[in-house]
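All residue numbers in this chain count up from 1 along the given sequence.
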Amino acid sequence: MRSEITISELAKLMNVSVHQIRYFEEKGVLQPAYTGENQYRMYGMEQVYQLAHILLLRKLEVPVQSIHECMSYTAEQHGKLLEDSLQGIGKELLRLEELRHFILKMLQEQQSYSAQPDSFQIQKLKAASLARIMKLDSHVKLSAASLAEQAIGIPDLFESDIYYVADERGTVTLYLETPAPGDVTLPEGDYLTLQCVVQEEELEGQIGRFAEYAAMQSVPLTGPLVVIERSYLSLFVPGKLHYELRACIGPGAAGEGRYSV
């Protein structure tokens, strides 16, 4: 009874393709026990274990060209390899968890916009600490050139809520939410809010509508109007942007309810 197996039997045993085994052979990291008179490659237990080790190293993302060297590692070197792999897995798990939270956030916010389309709400909001990104002079629109000049290097900028705050001179400052302390703190308190999905050029009309509603309803607003752009939600409505307009109502938790800088 023969003790060796053919390449197809080895592939089936190890749940890999014949092509993959041949590739390992071409790279010099696996060789058959012998080639029979019929030119069949034959593999014994030594090659089975060797292939198992190769597949394990590939799972650890060791490049094929480095496997030959790894096969002669000491126990300490293999231990270091596994520790490095664990660190990489930890980083990948963190990346996936952050992606999971972002996807959940997108779904929840899209549901919020769908449930309350184009309607005014009064909401109790927590304080928010903001970090400054850039400033736009009065009557200057946001452009790709200004972003490239002032906001370059900010990772995943358009996966974040971008806060637009105008001062008395009409200068608009862009912020991102950040752990405290930041450059500006929005106070905790009651806010009048409006969620809308519009084209960028329609935003001015929504801002006027917001101010008109507050005046008609005699809602006492303090501090500037804050416009929050959630550009990542445009995935759901191409060609339009999701905005939230908000302004604090009456005194807030931060002194007189104004924004602390």
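- Around atom CD of Glu97, more than 12 heavy atoms belonging to other residues, nucleotides or ligands sit under 6.0 Å away.
- Applying the side chain to side chain donor-acceptor pair (under 3.5 Å) test to pairs two or more places apart or on separate chains, those with a residue in residues 23-33 are Glu25-Arg41, Glu25-Tyr43.
- Considering only heavy atoms from C-beta on, Leu136 comes within 4.5 Å of Ser146 through its side chain.
- The pair Asp161-Lys105 meets the salt-bridge criterion, with a side-chain N (NZ, NE, NH1 or NH2) lying under 4.0 Å from an Asp/Glu carboxylate O.
- The main-chain N or O of Glu159 is never found under 3.5 Å from a side-chain atom of Asp156 such that the two would form a donor-acceptor pair.
- Between the side chain of Gln47 and the backbone N or O of Gly44 there is at least one donor-acceptor pair closer than 3.5 Å.
- Around CD of Glu92, the count of heavy atoms belonging to other residues, nucleotides or ligands within 6.0 Å exceeds 12.
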Worked verdict on Leu30 versus Ile21 for side chain to side chain contact (heavy atoms under 4.5 Å, CB included): CA-CA 8 Å; Leu30 178 69; Ile21 295 174; 3.9 Å; yes

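- Arg95 and Glu98 are not joined by a salt bridge, as no carboxylate oxygen comes within less than 4.0 angstrom of a charged side-chain nitrogen.
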Verdict with reasoning, Ile228 to Tyr164, per side chain to side chain contact (heavy atoms under 4.5 Å, CB included): CA-CA 6 Å; Ile228 304 173; Tyr164 295 75; over 6 Å; no

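- Every residue two or more places apart in sequence or in another chain that forms a ring pair (Phe, Tyr, Trp, His ring centres under 6.0 Å) with Tyr232 is listed here: Phe102.
- Using a 4.0 Å cut-off between charged side-chain N and carboxylate O, Lys141 and Glu201 make no salt bridge.
- Under the 3.5 Å distance criterion, the side-chain polar atoms of Glu109 are left unmatched by any main-chain donor or acceptor of Met106.
- Within a 6.0 Å radius of NE2 in His78, more than 12 heavy atoms belonging to other residues, nucleotides or ligands are found.
- Without hydrogens or angle criteria, Ser231 side chain to Phe158 main chain gives a donor-acceptor distance under 3.5 Å.
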N/O donor-acceptor pairs under 3.5 Å from side chains in residues 123-130, not counting sequence neighbours:
| unit_1 | atom_1 | unit_2 | atom_2 | d |
| --- | --- | --- | --- | --- |
| Gln123 | NE2 | Thr193 | OG1 | 2.9 |
| Ser129 | OG | Gly182 | N | 2.9 |

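- Residues Leu99 and Leu107 fall within the same hydrophobic cluster, defined by Ile, Leu, Val, Met, Phe, Trp and Tyr side chains chained together at heavy-atom separations under 4.5 Å.
- Environment of CD in Gln77: crowded, with over 12 heavy atoms of neighbouring residues, nucleotides or ligands closer than 6.0 Å.
- With sequence neighbours excluded, the residues forming a side-chain contact (heavy atoms from CB on, under 4.5 Å) with Asp118 are Leu194, Cys196, Gln206, Arg209, listed by chain and number.
- Sequence neighbours left out, the pairs with a member in residues 233-245 that pass side chain to side chain donor-acceptor pair (under 3.5 Å) are Gln110-His242, Arg230-Glu244, Glu244-Arg246.
- Under the 4.5 Å side-chain heavy-atom criterion for Ile, Leu, Val, Met, Phe, Trp and Tyr, Tyr73 and Leu55 are members of distinct hydrophobic clusters.
- Shown are Val172, Val184, Val226; of these, the side-chain contact (heavy atoms from CB on, under 4.5 Å) with Val165 is made only by Val226.
- Put simply, the side chain of Thr222 does not reach to within 4.5 Å of the side chain of Ile249, judged on heavy atoms.
- The salt bridge (Lys or Arg N to Asp or Glu O under 4.0 Å) test applied to Lys12 returns no partner, not counting sequence neighbours.
- Counting heavy-atom neighbours within 6.0 Å of Gln65 CD, excluding the residue itself, gives a total above 12.
- One hydrophobic cluster, built from ILVMFWY side chains closer than 4.5 Å, cannot hold both Ile207 and Tyr113; they sit in different ones.
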